[in-house]
Amino acid sequence: MRVISARHYGGPEHLQPLDLPDPVLGPGQVRIDVAAFGLNFADLVQLSGEFQIPAPDPLVPGFEVAGTIAEAGTDVTALVPGQRVMALVTWGAYTDQLVVDATHVLPVPDSMDLPTAAAFPVAYGTAHVSLLHRGGLEKGETVVITGATGNVGSAALQVARAAGARVIAVDRSGTLPPSAADHVLPPAGLARAIRDLTDQRGADLALDLVGGPHDGTAGLPGLGGTARHGRLRWRLDPRDQPARRPRQEHRDPRRGHRGVRQP
């Protein structure tokens with residue numbers, strides 16, 4: 001199989017094609033013929049060597065793929081060869097063939113093409129978990145989403161609206177269409193604008209995907225733009241995680257890009 005690999009930590013300039021032996025299919029796994037893989041900010045962090053889960057050597061970055069199942073383990077019953085799927089992995093997405101645990105794989109709907117599916121798991125998974133699982137967003141609540149034009153931000157707008165929430169998007173670029181949210185606001189004067197839109201109550205939930213100063217204060221907690229018992233969720237920088245273990249440099253390359261098992 002062929003991968004896109006980096007022999008050294010750094011940036012995208014270190015990426016190069018590399019031929020490796022085909023990965024071995026294990027119990028509970030499927031082999032995917034990859035049609036497309038997603039590109040994310042965390043890929044750059046992975047390439048820099050600062051990601052919280054160290055990838056094996058050779059480093060094959062990437063977190064999400066879409067393609068067609070070529071082979072399924074004997075104990076896999078929900079997925080079958082020929083089925084179009086998407087998968088979420090911890091590394092190893094830059095490849096034309098991927099072996100991954102079946103629990104990390106989802107069918108692709110007929111209405112979705114494979115390139116779109118390849119960009120789905122990270123952004124929409126992050127948005128869904130942040131808003132609904134961690135944030136506890138409920139129908140009828142008001143949510144503020146910063147960084148609304150970004151990858152996760154644009155997904156979060158859709159997830160929040162599908163959940164029946166009232167959505168306030170924060171857009172510093174001025175490019176977000178009004179139809180993307182119930183209200184689209186610039187960062188300047190944000191706290192007062194949120195209060196005015198909510199009869200001075202404030203938002204029930206804020207998802208801060210940007211961080212840094214808003215209204216001259218550090219981040220959303222100091223804004224006064226959330227309700228008295230409102231909740232704040234923020235997307236952690238993938239570099240700001242618990243202590244990382246040293247990278248193991250000489251792993252078997254046949255196992256090194258399967259991307260689902262932490263060494």
Side-chain angles (χ1 to χ4, degrees), residues 1-7 11-47 51 53 55-56 58-129 150-156 158-159 238 253-262:
M1 70 175 192
R2 174 157 284 202
V3 303
I4 300 176
S5 173
R7 286 291 183 179
E13 67 274 9
H14 294 294
L15 291 171
Q16 59 184 358
L18 178 67
D19 291 318
L20 293 174
D22 290 348
V24 177
L25 184 71
Q29 297 183 322
V30 296
R31 186 188 310 276
I32 300 174
D33 286 334
V34 176
F37 55 79
L39 299 175
N40 296 278
F41 165 70
D43 298 12
L44 298 177
V45 179
Q46 206 170 39
L47 283 170
F51 195 70
I53 301 176
L59 168 60
V60 180
F63 297 91
E64 53 188 353
V65 304
T68 304
I69 293 181
E71 185 180 5
T74 55
D75 55 345
V76 176
T77 57
L79 302 167
V80 297
Q83 187 174 8
R84 299 189 322 139
V85 294
M86 65 182 83
L88 181 66
V89 296
T90 51
W91 33 259
Y94 292 14
T95 180
D96 62 5
Q97 185 183 136
L98 183 72
V99 167
V100 60
D101 285 355
T103 54
H104 291 245
V105 180
L106 292 171
V108 174
D110 292 339
S111 59
M112 183 181 291
D113 59 38
L114 290 178
T116 300
F120 187 89
V122 170
Y124 285 86
T126 301
H128 189 274
V129 169
N151 190 24
V152 176
S154 58
Q158 298 172 58
V159 171
R254 292 170 298 178
R255 298 180 60 83
H257 50 274
R258 289 164 69 184
V260 294
R261 294 205 176 133
Q262 186 174 339

Asks: Can you name the closest pair of heavy atoms from Met86 and Pro121 and give their distance?
Replies: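 Minimum heavy-atom contact is SD-CG, 4.0 Å.
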Asks: Once you round to the nearest 0.5 Å, how far does CZ of Arg31 lie from CD1 of Ile69?
Replies: 12.0 Å
Asks: Is a donor on one side and an acceptor on the other found under 3.5 Å between the side chain of Glu64 and the backbone of Val122?
Replies: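 Judged by distance alone, yes, a pair lies under 3.5 Å.
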Asks: If you take all heavy atoms of Leu114 and Val85, which pair is closest and at what distance?
Replies: CD2-O, 4.4 Å
Asks: A side-chain contact here means heavy atoms from C-beta on lying under 4.5 Å apart; do Leu47 and Leu15 qualify?
Replies: yes
Asks: Say whether, by atom type as modelled, one donor and one acceptor occur between the side chain of Asn151 and the main chain of Ala123 under 3.5 angstrom.
Replies: no
Asks: Would you indicate whether the side-chain heavy atoms of Phe120 and Leu106 approach each other to under 4.5 Å?
Replies: no
Asks: Do you know the tightest heavy-atom contact between Leu25 and Ala72?
Replies: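 The pair with the smallest heavy-atom distance is CD2-C, 3.9 Å.
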Asks: Go through the structure and list residues passing salt bridge (charged side-chain N to carboxylate O under 4.0 Å, His left out) with Asp110, not counting sequence neighbours.
Replies: none
Asks: So which atom in Ser5 and which in Leu59 form the shortest heavy-atom distance, rounded to 0.1 Å?
Replies: OG-O, 3.0 Å
Asks: Strictly distance-based, threshold 3.5 Å: is any side-chain N or O of Gln46 a donor or acceptor partner for the main-chain N or O of Thr90?
Replies: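 Yes; judged by distance alone, with no hydrogens or angles, the pair exists.
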Asks: List, one per line, each side-chain donor-acceptor pair under 3.5 Å for residues 74-84, sequence neighbours excluded.
Replies:
residue	atom	partner	partner atom	Å
Asp75	OD1	Gly28	N	2.8
Asp75	OD2	Gly28	N	3.2
Gln83	OE1	Val80	N	3.1
Arg84	NH1	Met112	O	3.1
Arg84	NH2	Pro109	O	2.7
Arg84	NH2	Met112	O	2.8

Asks: What are the two closest heavy atoms between Ala70 and Asp33, and how far apart are they?
Replies: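 What the structure gives for the nearest pair is CB-OD2, 3.5 Å.
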Asks: Please enumerate all residues that pass side-chain hydrogen bond (donor to acceptor under 3.5 Å, both in side chains) together with Gln158, with sequence neighbours excluded.
Replies: Tyr124
Asks: Is there a side-chain contact between Val3 and Tyr94, using heavy atoms and a 4.5 Å cut-off?
Replies: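 In short, these two side chains do not touch, never coming nearer than 4.5 Å.
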Asks: Do Pro23 and Thr95 have side chains that get closer than 4.5 Å, going by heavy atoms?
Replies: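 Counting from C-beta outward, Pro23 and Thr95 never come under 4.5 Å.
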Asks: Determine, stepwise, if the pair Phe37 / Ile4 fulfils side-chain contact (heavy atoms from CB on, under 4.5 Å).
Replies: CA-CA 11 Å; Phe37 55 79; Ile4 300 176; 4.1 Å; yes
Asks: Please give me the minimum heavy-atom distance between Ala118 and Ala66, naming the atom from each residue.
Replies: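 Of all heavy-atom pairs spanning Ala118 and Ala66, the closest is N-CB, 3.6 Å.
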Asks: Keeping the roles fixed (side chain from Asp101, backbone from His104), state whether a donor-acceptor pair exists under 3.5 Å.
Replies: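 Checking the backbone N and O of His104 against the side chain of Asp101, no donor-acceptor pair under 3.5 Å is found.
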